[in-house]
Amino acid sequence: MKGLILVAGKGTRLRPFSLARAKTLIPVANKPLLEYCIESLKKIGINEIGIVLNPIQKEICEYIDNRTADNTSITLIYQPEAKGIGDAVRQASDFLKSEPFILLLGDNLINDSLLSLKEAILSSSVNGAVMLTKVSNPSEYGIAHVENNQIIKVEEKPKNSASNLAIIGAYAFDSNVLTAINHIQPSSRGEYEITDAIQWLINHQYNISYQITNKEYSDVGTIERWLEANRWVLDSLNRSEETTDPTTIIRNCKLIPPVHIDKNCVLTNSTIGPYVSVSHGAVIDNCKLQDSIVLENVYVRDVSSLITHSIFGKGTKIDKLHIENTSIECIFFDDTKIVSK
């Protein structure tokens, strides 16, 4: 069985962070979103994976080339134009052939196993399966209506819906989904919607099952969702594992878990945590930091206020920042420089 991960999205709501890196390479707890997707497929025994990307996303190619060697076979598949999830799957038809597959959206984090989706699609009676979760705002999601353990209708971002079951970016299909995609028309936004393909299957008497997850899930599409995902992923880390890299130097610091400190950092005279991830090469001195994300090669020294709910873009340098507020929330874009005398 194969896996397919879609990563061609531009991540416009995460700009300018997504201008310097592909959205799916944005780190959560110091690991790229794409790697979480690969790991979730490997955990259920899927080692043949296709990644659909835009040809200009060279950094994803570099990331795959530089991954630690394992038994995963990764095929890069190009989607020249952003024409939706359905079109991305169609671009992968030569890779998929006629085999069943798991489909993941590369900017979604799901803290549940994909095993039930795999088992469903390998059964003789199911042509598709999707993961659902209950949401309070159905108008922001593709929504499924269920009956007798099957999905009977799907809608894309309905204004008023009797269902609150959102489709959250993990699917399993057999080859009939390619037939469906070839029969649907682009939506009003010019995209081949996967919800339209699922509805075509339902209308033509194909069976679509589902799994409802109650575990954490994030569509990491905004700054707030990025911070939210960082919190629950840090919470879910195995506390028996070392969450500070041995190459990092820590002196006179208080670490309040959960935190994750990457390699080659220097932390001194500071209080770090809870819910802080610090990427490689960071230097933090005389600061109080919580509920924040620090990207690579950041330098922060002598900040008088508690820093919370903040993101430090790569290469940011903050030296001697004195603000009378007891706490501050900031978004520092890549290579921000604030130096006080």
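Along the sequence shown, the residues carry numbers beginning at 1. Scope of the values below: all heavy atoms of this structure, side chains included, with no hydrogens, waters or symmetry mates.
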What do you reckon, is [atom1] of [X] surrounded by more than 12 foreign heavy atoms closer than 6.0 Å?
| X | atom1 | result |
| --- | --- | --- |
| Asn71 | CG | yes |
| Lys157 | NZ | no |
| Ile56 | CD1 | no |
| Lys31 | NZ | yes |
| Asp65 | CG | yes |
| Asn160 | CG | no |

> When Thr195 is tested against each of Lys153, Glu155, Glu156 for side chain to side chain donor-acceptor pair (under 3.5 Å), which residue passes?
Replying inline: Glu156

> Where do Val154 and Ile167 land on the side-chain contact (heavy atoms from CB on, under 4.5 Å) test, with the steps shown first?
Replying inline: CA-CA 9 Å; Val154 292; Ile167 303 170; 4.0 Å; yes

For the residue pair [Y] / [X], report whether a side-chain donor-acceptor contact shorter than 3.5 Å exists.
| X | Y | result |
| --- | --- | --- |
| Asn269 | Asn286 | no |
| Gln79 | Asn54 | no |
| Gln199 | Asn203 | yes |
| Thr308 | Glu329 | no |

>> Please determine whether side-chain contact (heavy atoms from CB on, under 4.5 Å) holds for the pair Tyr171 and Val177, giving the CA-CA distance in whole Å, both sets of side-chain angles, and the decisive distance to 0.1 Å.
In response: CA-CA 11 Å; Tyr171 316 76; Val177 74; over 6 Å; no

For the side chain of [X] and the backbone of [Y], is there at least one donor-acceptor N/O pair under 3.5 Å apart?
| X | Y | value |
| --- | --- | --- |
| Ser123 | Ala120 | yes |
| Ser161 | Pro158 | no |
| Ser116 | Gln211 | no |
| Tyr36 | Val28 | yes |
| Gln91 | Ala88 | no |
| Lys254 | Gly273 | no |
| Ser236 | Leu234 | no |
| Asn230 | Trp226 | no |
| Asn148 | Gln150 | no |
| Ser113 | Leu115 | yes |

>> Show the nearest heavy-atom pair for residues Ile74 and Ile38, with the distance to one decimal.
In response: CD1-CD1, 4.0 Å

Please report the interatomic distance [atom1]([X]) to [atom2]([Y]), rounded to the nearest 0.5 Å.
| X | Y | atom1 | atom2 | answer |
| --- | --- | --- | --- | --- |
| Thr336 | Ile338 | OG1 | CD1 | 6.5 Å |
| Asn252 | Leu267 | CG | CG | 11.5 Å |
| Lys2 | Glu48 | NZ | CD | 4.5 Å |
| Ile168 | Asp219 | CD1 | CG | 10.0 Å |
| Ile223 | Ser310 | CD1 | OG | 11.0 Å |
| Leu295 | Asp334 | CG | CG | 6.5 Å |

> Does the pair Asp302/Lys320 count as a salt bridge with the N-to-O cut at 4.0 Å?
Replying inline: no

Using distance only, find each side-chain donor-acceptor pair of residues 93-105 under 3.5 Å and give its atom names and separation, not counting sequence neighbours.
residue: Ser93; atom: OG; partner: Arg90; partner atom: O; Å: 3.0
residue: Lys97; atom: NZ; partner: Asp94; partner atom: O; Å: 3.2

> Excluding sequence neighbours, so at least two apart, what forms ring-ring contact (aromatic ring centres under 6.0 Å, His included) with His204?
Replying inline: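 Listed in chain order: Trp200.
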
>> The criterion is ring-ring contact (aromatic ring centres under 6.0 Å, His included); which residues satisfy it with Tyr141, sequence neighbours excluded?
In response: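 Per chain and number, Tyr141 pairs via ring-ring contact (aromatic ring centres under 6.0 Å, His included) with no residue.
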
State which residues pass side-chain contact (heavy atoms from CB on, under 4.5 Å) with [X]; sequence neighbours excluded, sorted by chain then number.
| X | value |
| --- | --- |
| Asn30 | His260, Asp262, Ser277, Ser279 |
| Glu216 | Asn111, Trp232 |
| Lys58 | none |
| Asp70 | Lys42, Arg67, Thr72 |

>> What verdict does the side-chain contact (heavy atoms from CB on, under 4.5 Å) test give for Tyr210 and Leu165, after you've listed the backbone C-alpha separation in whole Å, the side-chain angles of each residue and the deciding distance to 0.1 Å?
In response: CA-CA 10 Å; Tyr210 61 91; Leu165 295 175; 5.5 Å; no

If you look only at pairs with a residue in [range], which of them pass as a salt bridge (charged side-chain N to carboxylate O under 4.0 Å, His left out), with sequence neighbours excluded?
| range | result |
| --- | --- |
| residues 176-192 | Arg189-Glu191, Arg189-Glu193 |
| residues 278-292 | Arg231-Asp291 |
| residues 104-123 | Lys23-Asp107 |
| residues 131-140 | Glu140-Arg225 |

>> Does Leu33 form a side-chain contact (heavy atoms from CB on, under 4.5 Å) with Val220? I'd like the steps, not just the answer.
In response: CA-CA 9 Å; Leu33 292 170; Val220 188; 3.8 Å; yes

> What residues, two or more places apart in sequence or in another chain, satisfy salt bridge (charged side-chain N to carboxylate O under 4.0 Å, His left out) together with Glu81?
Replying inline: Lys83

>> Using the rule given for side-chain hydrogen bond (donor to acceptor under 3.5 Å, both in side chains), can you reason through His309 versus Glu224, listing the C-alpha separation, both sets of side-chain angles and the distance that settles it, and then say yes or no?
In response: CA-CA 9 Å; His309 211 68; Glu224 182 56 46; 2.8 Å; yes

> Looking at Phe333, Tyr299, Phe332, which one forms a ring-ring contact (aromatic ring centres under 6.0 Å, His included) with Phe312?
Replying inline: Phe332

